[in-house]
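Order of the sequence lines fixes the chain letters, A, B, ..., with proteins taken first and strands second; residue numbering starts at 1 for each chain.
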Amino acid sequence: MDDPDPDPEPRWQADAAAAAADELWSLRLYVAGPSPKSLRAFANLKQLCETYLSGRYEIEVVDLIEQPALAGQDDIVAIPTLVRRLPVPLRKVIGDLSDARRVLLGLRLLPESV
Amino acid sequence: MTSSTAVEHDPLTTNRAGGRRLRDLPKSLTGISGLDEVTGGGLPTGRPTLVCGPAGCGKTLLAMEFLVRGITQYGEPGVFIAFEESVDDLIANVASMDFDLAQMVDDGSLVIDHVGVSGSEMEETGDWDLDGLFLRLGAAIDKVGAKRIVIDTIETLFGAFSNTAILRNELRRLFEWLKARGVTAVITGERGEGTLTRFGIEEYVSDCVIVLDHRVTEQTSTRRLRILKYRGSLHGTNEYPFLIGESGVSVLPITALGLRHNVSTERVSTGVARLDAMLGDGGFYKGSTILVSGTAGTGKSTLAAQFCDATCRRGDRAIYFGCEESEAEIIRNMSTVGINLRQWVNAGLLRFRCFRPSLLGLEAHLFGMQKLVGEFRPAVVVMDPISDLLRVGTGEDVSAMLTRQVDFLKTRGVTAMFTSLNSMDDPTHGDQQVASLVDTWLLVKTMEGNGEHNRLLYVLKSRGMAHSNQIREFLLTTQGIELADVYVGPQGVLTGSARQAQEAKEQSDGMARLEDLEQRRVNLERRRESVEAQTATLWREFEDEADIVERLLSHGSTVGEDRAGQRAAQGRLRRADADADDAVPAPDEQRSAP
């Protein structure tokens with residue numbers, strides 16, 4: 001989906017930094033084995049977190065092949081799924097997280113008005 | 001959609017023409033009443049079946065019963081994947097049907113997993129797959145060793161994910177995966193506009209498709225089930241009504257029942273001695289179906305009540321389904337004609353089920369009746385009257401329902417009496433469809449004449465019985481029903497007071513004849529007496545005469561001896577030379593000569 005905004009990039013970054021404040025971000029990434037999708041997702045996530053949440057985030061990777069019972073905990077259907085456990089409320093982003101803008105939107109690292 | 005499956009590589013379909021392989025298609029019995037009959041033995045084992053229909057048509061319940069029956073009846077553990085309802089909701093929803101899901105979960109025979117995808121908002125970025133779902137399904141299947149799985153309703157995923165291209169691809173993979181796992185799956189789907197399911201998942205599930213429907217006709221709803229498709233198997237193609245009752249789903253096959261019920265030559269009394277006699281040899285056949293039709297106020301209900309009374313008197317049980325009167329009304333009204341039904345109700349032999357037909361749909365009525373019959377195990381069932389059911393359904397529906405009811409009762413050897421209320425003009429109108437179903441058809445009608453309204457009864461037909469063809473007058477007395485002969489005169493049949501007048505006339509004619517005979521007898525007696533008197537007189541005269549003759553005879557012999565002596569003396573006097581003996585005739589000849 002194309003955003004109608006002609007040149008959004010700089011403003012998002014500013015907004016993202018403002019929204020983040022100084023909360024601790026607890027993120028969980030559900031994967032199923034070392035698939036390319038999952039590896040890509042982890043790399044993308046890592047990069048985003050370093051950019052916007054440096055020093056105040058933690059990432060937990062859950063491999064459902066090893067722990068299938070955990071899939072029920074956060075109602076995981078699609079793989080990979082990123083879950084924002086903190087701050088509440090819980091939010092999910094699925095896919096390989098290749099679209100930075102959508103990931104930030106999904107994590108509410110950007111204000112919804114954007 | 002389904003045209004994409006036109007190029008078949010399925011060994012089952014390529015063998016369709018072979019016929020012999022059709023029976024080899026492995027099927028899993030659902031245990032759902034009637035469904036196994038219309039599917040010819042259940043759903044395809046190890047393959048997915050699509051159950052689709054509009055909201056509230058009973059998809060979830062049918063699917064759940066498939067699992068529950070599998071666990072309780074066939075020892076096949078199951079998994080229920082719920083996309084819409086929570087686990088607690090599901091357990092609560094079916095608790096009213098004696099399905100204790102919580103117990104099955106504790107026993108390790110059932111897994112219920114709620115997959116909540118609609119609740120939370122999800123952002124999609126880039127490529128993903130449904131491995132999470134696959135892993136959850138796999139874990140659930142492995143947990144109990146499931147043979148059956150239900151996915152209800154997978155189309156919810158279309159609401160959760162915006163990238164339908166990926167989703168469709170993943171769904172196709174999911175069904176392939178299910179087949180590979182060899183679980184018998186039921187997938188539910190909501191009906192869409194012009195398509196079977198809203199998102200066209202019939203494209204992936206094409207082995208067996210069952211369509212449910214929920215229609216409202218004349219303010220009465222009927223659920224229907226149809227096997228749209230069953231690859232590699234013969235199946236019923238009709239729409240079958242089905243019900244959701246306390247014991248789950250019941251599909252009611254209209255034509256699946258063959259005419260194979262056992263027949264009995266045993267007779268059951270009608271409760272009216274003369275009617276028993278009219279039917280030949282002591283009443284209706286056990287397990288037969290009787291229709292009593294007639295116009296209003298002809299005593300149909302009374303006949304039915306008397307039949308119940310006779311049944312209970314033999315110690316058998318009976319159920320009276322009433323559509324017109326309440327139990328209390330029936331008991332009171334029948335007591336005025338000397339039929340005490342209260343005692344049988346108290347003795348637990350008679351049960352009433354009175355309802356307004358418009359309360360429920362035909363199928364629900366049928367189901368309720370069959371359930372009660374199954375529980376109470378009566379020998380006799382009365383439905384009074386079936387014509388009221390026409391208010392609920394059309395003639396064809398009612399006749400289809402009655403067909404099933406008759407089949408149901410016959411297979412259980414229950415003798416059934418239906419009454420039918422007809423119009424004055426044509427007393428048999430409206431019963432034609434039912435007539436072919438029944439074994440015995442009694443017609444009660446009223447006849448007007450002489451300012452009176454009298455009831456007549458006759459046997460219109462009675463299969464396998466040498467029944468009377470005569471019309472009887474049907475009398476409601478304080479001792480129940482009595483049948484009287486009618487008189488056929490020049491002006492037709494005589495009933496009521498005309499019959500009584502005729503009876504009185506015949507009686508008085510008879511009296512006159514009797515008196516005449518008596519008179520004759522008296523006369524004869526008198527004559528006998530006079531003859532006897534005359535005979536006595538004659539005897540007396542005869543005896544007198546005989547006496548005289550006797551006396552004369554004895555006197556006469558002494559005179560003869562004297563004469564012989566005299567002749568000898570004469571001879572001697574005349575110096576006769578001949579012997580006295582020879583000489584004797586001579587004097588006689590001489591004497592007899594002139």
- Query: For residues A:S38 and A:S35, is any side-chain donor paired with an opposing acceptor at under 3.5 Å?
  - Reply: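 Present: a donor and an acceptor within the cut-off.
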- Message: Other residues, nucleotides and ligands only: do more than 12 of their heavy atoms fall within 6.0 Å of CD on A:E50?
- Response: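 Result for CD/A:E50: enclosed.
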Salt-bridged, [X] to [Y], with N to O below 4.0 Å?
X: B:E190; Y: B:K59; answer: yes
X: A:K92; Y: A:D74; answer: no
X: B:E170; Y: B:R173; answer: yes

Where is the tightest heavy-atom contact between [X] and [Y], given as atom of each residue plus distance?
X: A:L48; Y: A:A100; result: CD2-CB, 4.0 Å
X: B:T188; Y: B:A63; result: CG2-CB, 4.1 Å
X: A:A32; Y: B:D131; result: CB-CB, 4.1 Å

- Under a 4.5 Å heavy-atom cut-off, does chain A meet the side chain of B:L157, its backbone, both or neither?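 The side chain, not the backbone.
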- Measure B:D113 against the heavy atoms of chain A and call it side chain, backbone, both or neither at under 4.5 Å.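 Neither; nothing under 4.5 Å.
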Whether the side chain of [X] engages the backbone of [Y] through a donor-acceptor N/O pair (distance < 3.5 Å, no angle test) should be reported.
X: B:E155; Y: B:F199; result: yes
X: B:D152; Y: B:A82; result: no
X: B:T45; Y: B:S28; result: yes

Determine whether [X] and [Y] make a side-chain contact, defined as any pair of heavy atoms from C-beta on separated by less than 4.5 Å.
X: A:I59; Y: A:F42; value: yes
X: B:F80; Y: B:L101; value: no
X: B:I166; Y: B:F161; value: no

- Message: Tell me which of these, A:N44, A:V103, A:D96, has more heavy-atom pairs under 4.5 Å with chain B than the rest.
- Response: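 Ranked by contacts with chain B, first place is A:D96.
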- Query: Which residues from residues 136-149 of chain B are near chain A, with near meaning under 4.5 Å between non-hydrogen atoms?
  - Reply: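 Within residues 136-149 of chain B, the residues that come under 4.5 Å of chain A (heavy atoms only) are B:R136, B:A139.
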- Residues of residues 178-187 of chain B with any heavy atom under 4.5 Å of a heavy atom in chain A: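 Residues of residues 178-187 of chain B touching chain A at under 4.5 Å: none.
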- Message: If you count heavy-atom pairs within less than 4.5 Å of chain A, which of B:L167, B:N163, B:D127 leads?
- Response: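 Most heavy-atom pairs under 4.5 Å with chain A: B:D127.
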- Item | Best-contacting candidate, B:D129, B:L135, B:L130, against chain A by heavy atom pairs under 4.5 angstrom |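 Highest number of pairs under 4.5 Å: B:D129.
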- Mind checking what makes ring-ring contact (aromatic ring centres under 6.0 Å, His included) contact with B:F134, not counting sequence neighbours?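 Partners of B:F134 by the ring-ring contact (aromatic ring centres under 6.0 Å, His included) criterion, ordered by chain and then number, come out as B:W177.
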- Message: What residues of residues 75-84 of chain A make heavy-atom contacts with chain B at a cutoff under 4.5 angstrom?
- Response: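 Counting heavy atoms that sit under 4.5 Å from chain B, the residues of residues 75-84 of chain A involved are A:D75, A:I76, A:V77, A:A78, A:I79, A:P80.
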